[in-house]
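Scroll down for the structure; my scribbles are underneath it.
In what follows, chains carry the letters A, B, and so on, assigned in the order in which the sequence lines appear, proteins first and then strands, with residues in each chain numbered from 1. Just the heavy atoms: all of them, side chains too, but no hydrogens, waters or symmetry mates, feed the values below.
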Number of protein chains: 2
Amino acid sequence: MPTGFAQAELIAVLVAVTTGQPRVMTIERGGGLPSGNLESSHHSLQAGLRSWVEDQTHHPVGYLEQLYTFADRGRGMDAGIGARRISISYLGLVQEQSVAGADQSEWHGWYEYFPWEDHREGRPDMLGQITRHLHDWAEGGGASRAERLRRASFAFDLDGRGWNEDLVLQRYELMYEARLVDEAGSLQGPGFGRPMMADHRRILATGIARLRAKIKYQPVMFELVPDSFTLLQLQQTAEALSGLRLHKPNFRRQIDQHALIEETGEIAQETRGRPAKLFRYRRAVLEARALAGSRLPLSRD
Amino acid sequence: MPTGFAQAELIAVLVAVTTGQPRVMTIERGGGLPSGNLESSHHSLQAGLRSWVEDQTHHPVGYLEQLYTFADRGRGMDAGIGARRISISYLGLVQEQSVAGADQSEWHGWYEYFPWEDHREGRPDMLGQITRHLHDWAEGGGASRAERLRRASFAFDLDGRGWNEDLVLQRYELMYEARLVDEAGSLQGPGFGRPMMADHRRILATGIARLRAKIKYQPVMFELVPDSFTLLQLQQTAEALSGLRLHKPNFRRQIDQHALIEETGEIAQETRGRPAKLFRYRRAVLEARALAGSRLPLSRD
DNA sequence: CCGAATATACTCATTCAGAGTATAAAGGAG
DNA sequence: CTCCTTTATACTCTGAATGAGTATATTCGG
């Protein structure tokens, strides 16, 4: 086989948020992410992936973006033939209403896999243990001890400068290096969080990190909620994704300052408390929004 | 050949800024981007690309990130065998001082390829022509006429809401659809800007767009300037990348508000005007900076 | 009719971004 | 030597956005 040939595979991180929990589509009862070989019938990667996912899951995928491409020497293959496996991963968002009918299928809460990432009810207790293990790992690092400490301290907020919810991948990779997750061959006893096959949990971490970064400067939450929603639903979606609790008045202000939504005129039919107005997303602003966010200090001439 | 096999190729967008011009490393006197087949000797994509680029160009690459993975049916190949070409593109940044010795090699100013993207001396005149052509194209769009107008108006700022320098790719793709660039088979006479082989100009557009977006929230300019630099150099680098003129006092304020740099104690040896202090980048803040930028309205409990 | 629960509306202080002005230090022209 | 051009650096003023907290509406279940 000539050089430059490889086996190509598509992997999807499909995300939905239901009842305040972020969920990801899996196969084999949570053991892996949906994936498949790149077929020659697919005209473009994006289009191919979309039709493939929709065939398999029967959910329309509102939003789809490429995540990352990995290449590892194919472990299950004959060595020496120069072939390797290329995995092209995608992040897809599915609206809650589409998931609703789909019984207790293969949607798993993503904090099963990353329990240390959910800070909505405060800093998880297990971070104490993780921190101790990371310290041990750093101490055994010889020359790289200082560097290990610096990385761990930064990613896990060991010096109290504030938890950065975006560092999902950095945290997972540190835990992998320190052998605190089963995929790395855990040191003693079971590792933290539920493992996945091959490097699927790492890909999931990449997807979560991307999504957490994205909600700050692009209105992607709207791809996850139903067409009409209350402000509380919207906030809870943002909280589910970021794993943080948000300040209600300021969240609302930010939303309507940017004129992201409009009232539908209807009222939510839930029981407790004062009924909430229903809103819909103003698709028109998707572009206007892209205009903002310029942090460069422009000159007027 | 079994399904799922493909030819894999690496493509690099290598960027440097010299004498106020953003440049990109090319092959064949500007006709294409450096590329090569994925070799089985490469252990990871990132590492493989880095060593490959440094072998070919003899420039150390300070910063390297994956851009995008394309898959197109290989046009030059036998059809029907199920193989296709996968192109994995990377963005790399090179410091000016490394380029200096490298004579008049294969570095080409990127505004040769995208002359309509340079707004440092005001809105380029050719945008008038481009706009007229785009209007014609939209008029001939039948049912999609309104949609075409909306896209063109947004990307090229036809209604004066302000030029968005990030939309490099959108603009190139519109011009491709309207056949205003030679790669699409230009309508009449030569297309706008200098063409490149295959889809290399599109990949370059992707790289420029990524870099323009990135300088707003990550201090990547420092990967492009020498180890010690003046504030004017730094600003001119930012201007070269964004294609915009920036407001000097505010640019300076932003830089030292974030404590990104420190004085070296030395003074630049240039002739005209008051001599400028030299600064160096404080690598320590790379992490602290990542902490900022949280636009989510957090709650305190 | 009261209180728990939720929704919605303001307030106040601080920081930050946009825009412009003022002063300092060099070299060159006369 | 003095003035003028050029670049560097330091402030000012204003308005917008953000962080944090408080106050007022509605509903329902007792």
Validation row: B/Leu234, B/Phe222 side chains within 4.5 angstrom (heavy atoms) = yes

A/Phe279 vs A/Arg253, nearer the 5' end of DNA chain C by closest nucleotide = A/Phe279

Write down the distance between CD1 (B/Ile267) and C1' (C/dA24), rounded to a whole number of angstrom.
-> 13 Å

Donor-acceptor contact below 3.5 Å, side chain B/Thr26 vs main chain B/Glu106 | yes

Taking all heavy atoms of B/Leu241 and all of B/Tyr111, pick out the closest pair and write down the distance.
-> O-OH, 3.5 Å

Could you tell me whether A/Arg23 and A/Glu96 make a salt bridge, using a distance below 4.0 angstrom between a side-chain N and a carboxylate O?
-> no

Which part of the nucleic acid, if any, lies within contact of B/Lys277, taking any heavy atom under 4.0 Å across all strands shown: a base, the sugar-phosphate backbone alone, or nothing?
-> sugar-phosphate

Extract from the structure each pairing of a protein N or O with an N or O of nucleotides 27-30 of chain D at less than 3.5 Å, listing the distance.
none

Applying side-chain contact (heavy atoms from CB on, under 4.5 Å) between A/His119 and each of A/Arg123, A/Glu121, A/Glu117, report the one that passes.
-> A/Arg123

Looking across every strand, which nucleic acid part, if any, lies under 4.0 Å from B/Pro249 by heavy atom: base, sugar-phosphate, or nothing?
-> base

Checking D/dA20, D/dT9, C/dT8 against the side chain of B/Arg252 (C-beta onward), the nearest is D/dT9

If you check the B/Pro297 side chain, which of D/dG19, C/dT8, D/dT9 turns out closest?
-> D/dG19

Supply the atom-to-atom distance B/Gln170 CD to B/Phe154 CZ, rounded to the nearest 0.5 angstrom.
-> 7.0 Å

Pairs under 3.5 Å (N/O, protein and nucleotides 1-4 of chain D):
none

B/His247 has its side chain closest, among C/dA7, D/dA8, C/dG20, to C/dG20

Which pairs count as salt bridge (charged side-chain N to carboxylate O under 4.0 Å, His left out) when at least one residue sits in residues 235-244 of chain A, sequence neighbours excluded?
-> A/Glu239-A/Arg245

Within a strict 4.5 Å, meaning less than it, do heavy atoms of the B/Met221 and B/Leu224 side chains meet?
-> no

Looking only at side-chain atoms of A/Gln257, point me to the closest of D/dG21, C/dT8, D/dT18.
-> D/dT18

